Amino acid sequence: IQLETITRQDRPLSMMFNPRLSDLFYWHFHPEYEIVYIDGATGTRHIGEHISTYEGSDLVLIGSNIPHLNFDYGVETGYQKVVVHFKKEFIETHFLGVPELSPIAQLFEKSKHGLAFNGDIKKQIGEKIFNLEKSAPFHQYLQIIEIFQMLADVPSIDLLHEQPYRNKFSERDQGRLRSIYAFVDENYHQKIKLTEVAEISNMTKEAFCRYFKKVSSYTFIEFLNRYRISQSKRLLMSGKSVSDACYQTGFESLSYFNRTFKKVTSENPRDFRKRYL
């Protein structure tokens, strides 16, 4: 599981239009609240402990620090997708104490359960979110408030957990994991020593190995290999050779890369490249 860093520091929201992650298993969480709309696809809705299938389209509101899978994972049809992130501080301070905005405050309180929306409202909201791409920042802000109000007015919303979801990671763990993942992201293409990562975490190598296994369910080497494989898939999808994908993502042996790729993805990199291209 990864703690993602996304929102620009100078703005309360950030947007991604049509990010293509269908070949990546990206199970992650972040402090920001998130709205996702995907259209033209049938896929897996995996939020916290909830797993279900959406058909044709999906519109969800995900609370702060709830782990989730990218909604286009495994999707092979043509689709449109937009993801909007909102700073935790913006949501939790902006709508409190203003009677006119109390329905929106209640909406985000419910988002701690994970929310899914059904019916015609999905397409209406989806079109409005896509239109944000063409708007100036001030008009984006006004339109976002309108979108929040429309969501708050929906009479029937699916709560994906009976109780608010509690992320098991403390703020201290989240900060520590953020540092580890940032180091991996910057250095995955070269050799990484366990002692280097342990030092970032202010632990001995042995203590770090125990800690990382406990919080992530992976050994650090397993996590690093999975991260490198995800990056290698990006390279293969861009047309790079198997050899280039291997050595540019930090693997020192082509045979070890092939074995690891097969273990993580259940197919060899040459077949993956051929299938995608």
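All values below come from the heavy atoms of this structure, side chains included, with hydrogens, waters and symmetry mates left out. This structure is a prediction, so every number in the text was calculated from the model and none was measured.
- Hydrophobic clustering (ILVMFWY, side-chain heavy atoms < 4.5 Å, transitive): V36 and I51 are in distinct clusters.
- Between Y79 and N18, every side-chain heavy-atom pair lies at or beyond the 4.5 Å cut-off.
- Across all non-hydrogen atoms, the minimal contact from P31 to N65 is N-OD1, 3.3 Å.
- Looking at K88, its side chain never comes within 3.5 Å of a backbone N or O of S64 through a donor-acceptor pair.
- Using modelled atom types, one side-chain atom of T77 and one backbone atom of G40 make a donor-acceptor pair closer than 3.5 Å.
- Separating the CZ atom in F17 from the NZ atom in K81 is a distance of 13.0 Å, to the nearest 0.5 Å.
- Side chain of Y54 to backbone of F71: a donor-acceptor contact under 3.5 angstrom is found.
- In this structure, L107 CG and L151 CG are separated by 6.0 Å, a value rounded to the nearest 0.5 Å.
- Between the H113 side chain and the L160 main chain, no donor and acceptor come within less than 3.5 Å of each other.
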request  = Show your reasoning for whether side chain to side chain contact (heavy atoms under 4.5 Å, CB included) applies to R275 and F272.
outcome  = CA-CA 5 Å; R275 178 172 62 81; F272 171 84; 3.5 Å; yes

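- Looking only at side-chain heavy atoms (C-beta outward), F261 and D271 stay at 4.5 Å or farther from each other.
- Nearest heavy-atom pair across Q149 and E100 is OE1-O, 4.4 Å.
- Counting only heavy atoms from C-beta outward, the side chains of T44 and Y73 never approach each other to under 4.5 Å.
- Once rounded to the nearest 0.5 Å, the distance linking CE of M150 with CD of E146 reads 6.5 Å.
- Of the possible donor and acceptor atoms, one in the side chain of Q140 sits under 3.5 Å from a partner among the backbone N and O of L132.
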request  = Assess whether side chain to side chain contact (heavy atoms under 4.5 Å, CB included) is satisfied between L159 and L115, documenting all intermediate values.
outcome  = CA-CA 5 Å; L159 272 62; L115 304 178; 3.9 Å; yes

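- Looking only at side-chain heavy atoms (C-beta outward), S201 and Y211 stay at 4.5 Å or farther from each other.
- Looking at N225 and Y256, their side chains come closer than 4.5 Å, going by heavy atoms from C-beta outward.
- Residues L235 and Y188 do not share a hydrophobic cluster, defined by chaining ILVMFWY side chains whose heavy atoms lie under 4.5 Å apart.
- Put simply, the side chain of R228 gets close to the backbone of T249: a donor and an acceptor are under 3.5 Å apart.
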inquiry  = Using the rule given for side chain to side chain contact (heavy atoms under 4.5 Å, CB included), can you reason through L194 versus F220, listing the C-alpha separation, both sets of side-chain angles and the distance that settles it, and then say yes or no?
reply    = CA-CA 8 Å; L194 273 172; F220 178 73; 3.6 Å; yes

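- For R45, the salt bridge (charged side-chain N to carboxylate O under 4.0 Å, His left out) test picks out D58, with sequence neighbours left out.
- You'll find the side chain of E252 reaches within 4.5 Å of the side chain of K191, heavy atoms only.
- For the pair F251/I229, a side-chain contact is recorded, criterion being any heavy-atom separation below 4.5 Å from C-beta on.
- Residue T260 holds its OG1 atom at 10.5 Å from CZ of R226, rounded to the nearest 0.5 Å.
- Between the OG atom in S111 and the CD1 atom in I35 there is a gap of 9.5 Å [rounded to 0.5 Å].
- Between A198 and F208 the shortest heavy-atom distance is CB-CB, 3.7 Å.
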key: Derivation of the side chain to side chain contact (heavy atoms under 4.5 Å, CB included) call for V197 and F183   = CA-CA 8 Å; V197 194; F183 179 82; 4.0 Å; yes

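- Pairing each heavy atom of V83 with each of P19, the nearest pair is CG2-CG, 4.4 Å.
- S243 and S241 form no side-chain donor-acceptor contact under 3.5 Å, judged by distance and modelled atom types alone.
- Closest of all the heavy-atom pairs between I145 and I104 is O-CD1, 4.0 Å.
- Annotation: side-chain contact (heavy atoms from CB on, under 4.5 Å) contacts of S102 (sequence neighbours excluded): Q106.
- Among pairs with a residue in residues 126-151, those fulfilling ring-ring contact (aromatic ring centres under 6.0 Å, His included) read F86-F148, H94-Y141, F95-F148, F108-F148, at least two apart in sequence or across chains.
- The aromatic ring centres of H68 and H50 sit 6.0 Å or more apart.
- Summarising the local packing, CD of E196 is surrounded by more than 12 heavy atoms from other residues, nucleotides or ligands at distances under 6.0 Å.
- Separating the CD atom in E133 from the CE atom in M16 is a distance of 12.5 Å, to the nearest 0.5 Å.
- The two residues T219 and K213 make their nearest non-hydrogen contact at N-CD, 4.0 Å.
- Counting only heavy atoms from C-beta outward, the side chains of L61 and F117 approach each other to under 4.5 Å.
- For Q190 and N187, the side-chain atoms include at least one donor-acceptor pair closer than 3.5 Å.
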